[in-house]
**Student:** 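To start, I am sharing the structure in question, which I have written as structure tokens.
Heads up: numbering here begins at 1 and tracks the sequence.
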Amino acid sequence: MPQPLDDSDHLSVAFPSSLADDVRVVLAAMKTSQLKPAEPFSVNVQGQLVAIPTRLYNDEPSADAVEALSPRQLTILHCLYTRHHDGRVRQRHLECIVGSAEPWVIPYVVQLVGEYVVEILAVIRRALSDLDMPGTTLRAAYGQFIVDNPSFFARTQRRVVSYWSCYYRFNYPSFPGYPGCTVLEFLRAVASDRAGHPWPRLTPPAGRANLSGYC
């Protein structure tokens with residue numbers, strides 16, 4: 001019978017090193033999986049490169065294990081389970097962290113912007129509407145993350161258009177009506193504010209019909 005895989009090597013690098021002790025506690029609380037986390041993507045979090053799994057396959061921990069976690073450890077757990085292979089699990093854990101201004105939480109939220117579950121995009125759109133408010137910690141944190149990760153955000157913009165074009169054009173005939181478009185507008189605005197210049201738009205303007213190359 002195959003032995004469960006040890007996820008610690010794969011997941012310990014998904015957060016800045018300053019969180020290493022808390023991450024170890026969280027990983028010990030998680031159930032093991034026969035499948036290792038899927039290939040990670042790398043982002044810059046306050047000058048440190050972290051490698052976040054594209055997907056993980058661990059079942060959620062028991063209620064007793066969750067109760068034993070500190071607030072910071074619980075946030076780490078929620079971040080990791082936004083990478084779960086089940087979209088309903090991703091959404092449930094996203095709802096617990098989407099309003100956080102912690103710099104190490106933000107990539108977990110932005111990655112979901114570039115994925116395909118429209119219900120998750122709707123959650124993010126509602127939660128990040130406060131990004132319109134100038135001078136907030138949340139606005140500054142999201143703006144800084146995008147400024148520090150321009151290639152990652154460029155890929156996110158293209159993915160939003162691709163998933164809309166491939167799967168959601170029937171329900172949202174106009175891209176500006178799609179929840180992902182609204183989220184990108186929020187994010188470009190905060191990046192522009194942080195960078196001091198307009199952030200590149202890699203999505204079609206209103207009325208554009210030719211989307212070849214996006215999907």
**Student:** Quick check: does any side chain N or O of T82 sit under 3.5 Å from a backbone N or O of L94, one acting as donor and the other as acceptor?
**Tutor:**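 No, T82 side chain to L94 backbone: no donor-acceptor pair under 3.5 Å.
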**Student:** Kindly compute the distance separating CE (M30) from CD1 (I76), expressed to the nearest 0.5 Å.
**Tutor:**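 If we round to the nearest 0.5 Å, M30:CE and I76:CD1 are 11.5 Å apart.
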**Student:** Are the ring centres of Y108 and Y81 closer than 6.0 Å?
**Tutor:** no
**Student:** Which is it for D21 and R24 under the side chain to side chain contact (heavy atoms under 4.5 Å, CB included) test, yes or no, and what are the steps along the way?
**Tutor:** CA-CA 5 Å; D21 290 342; R24 278 192 289 271; 2.2 Å; yes
**Student:** First locate atom CG of L19, then atom CD of Q73, and finally report the distance between them rounded to the nearest 0.5 Å.
**Tutor:** 10.0 Å
**Student:** Closer than 3.5 angstrom, by distance alone: can the side chain of Q91 be matched with the main-chain N or O of V117 as a donor-acceptor pair?
**Tutor:**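 Here the side-chain-to-backbone pair does not exist.
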**Student:** What distance do L56 atom CG and H84 atom NE2 have between them, rounded to the nearest 0.5 Å?
**Tutor:**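 Taking CG in L56 and NE2 in H84, the distance rounds to 6.5 Å.
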**Student:** Specify the closest pair of heavy atoms between I52 and A14, including all atoms of both residues, with the distance to one decimal.
**Tutor:** CG1-O, 3.8 Å
**Student:** Nearest 0.5 Å, what's the CZ-CZ distance between R83 and F41?
**Tutor:** 5.0 Å
**Student:** Please find the pair of heavy atoms, one from P107 and one from V45, that lie closest to each other, and give the distance.
**Tutor:**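 In terms of heavy atoms, the two residues are closest at CG-CG2, 4.1 Å.
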**Student:** Can you tell me which residue among V50, V23, L49 is in a side chain to side chain contact (heavy atoms under 4.5 Å, CB included) with P16?
**Tutor:** V50
**Student:** Would the number of heavy atoms belonging to other residues, nucleotides or ligands and lying under 6.0 Å from CZ of R72 be above 12?
**Tutor:** no
**Student:** Determine yes or no for a side-chain-to-main-chain donor-acceptor pair under 3.5 angstrom, with S192 supplying the side chain and W199 the backbone.
**Tutor:**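 Yes: the side chain of S192 pairs with the backbone of W199.
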**Student:** Determine whether a donor-acceptor pair (N or O, by modelled atom type, separation under 3.5 Å) exists between the side chain of R125 and the backbone of V183.
**Tutor:** no
**Student:** Among Y116, F175, F170, whose ring-ring contact (aromatic ring centres under 6.0 Å, His included) with W164 holds?
**Tutor:** F175
**Student:** Taking all non-hydrogen atoms of both residues, which atom of V147 and which atom of A191 are closest, and how far apart?
**Tutor:** CG2-O, 3.9 Å
**Student:** State plainly whether the residues R126 and E95 are in salt-bridge range, i.e. N to O under 4.0 Å.
**Tutor:**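 Result for this pair is no, no salt bridge flagged.
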**Student:** Determine whether F15 and C79 satisfy the following criterion, side chain to side chain contact (heavy atoms under 4.5 Å, CB included), listing intermediate values before the conclusion.
**Tutor:** CA-CA 10 Å; F15 299 91; C79 285; 3.9 Å; yes
**Student:** Tell me if the CZ atom of R155 is crowded by more than 12 foreign heavy atoms within 6.0 Å.
**Tutor:** yes
**Student:** Applying salt bridge (charged side-chain N to carboxylate O under 4.0 Å, His left out) to R90 and E119, what does each step give before you reach the verdict?
**Tutor:** CA-CA 11 Å; R90 293 198 298 276; E119 292 83 0; over 6 Å; no
**Student:** Which value, rounded to the nearest 0.5 Å, describes the distance between E102 atom CD and T137 atom OG1?
**Tutor:** 10.5 Å
**Student:** Indicate yes or no: at least one non-hydrogen side-chain atom of P134 is less than 4.5 angstrom from one of D193.
**Tutor:** no
**Student:** Would you call the rings of H78 and H93 parallel, tilted or perpendicular, where under 30° means parallel and over 60° means perpendicular?
**Tutor:** tilted
**Student:** Answer yes or no: is there a donor N or O on one side and an acceptor on the other, between the side chain of N149 and the main chain of N44, under 3.5 Å?
**Tutor:** yes
**Student:** Taking all atoms of both residues into account, what is the closest heavy-atom pair of L11 and P53, and its distance?
**Tutor:**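 Closest approach of L11 to P53: CD2-CG, 3.6 Å.
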**Student:** Under the side chain to side chain contact (heavy atoms under 4.5 Å, CB included) rule, what do L69 and D22 come out as? Steps first, then yes or no, please.
**Tutor:** CA-CA 9 Å; L69 300 177; D22 288 313; over 6 Å; no
**Student:** Apply side chain to side chain contact (heavy atoms under 4.5 Å, CB included) to residues I124 and L112 and explain how you reach the verdict.
**Tutor:** CA-CA 9 Å; I124 297 172; L112 286 168; 3.9 Å; yes
**Student:** Parallel under 30°, tilted from 30 to 60°, perpendicular over 60°: which one fits the rings of F152 and F145?
**Tutor:** perpendicular
**Student:** Work out which heavy atom in V161 is nearest to a heavy atom in P204; give both atom names and the distance.
**Tutor:** CG2-CD, 3.6 Å
**Student:** Which heavy atom of A29 sits nearest to which heavy atom of A65, and what is that distance?
**Tutor:**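 Closest heavy-atom pair between A29 and A65: O-CB, 4.0 Å.
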**Student:** Let me confirm one number: the CZ-OG1 distance from R188 to T203, rounded to the nearest 0.5 Å.
**Tutor:**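 Reported to 0.5 Å precision, the distance equals 4.0 Å.
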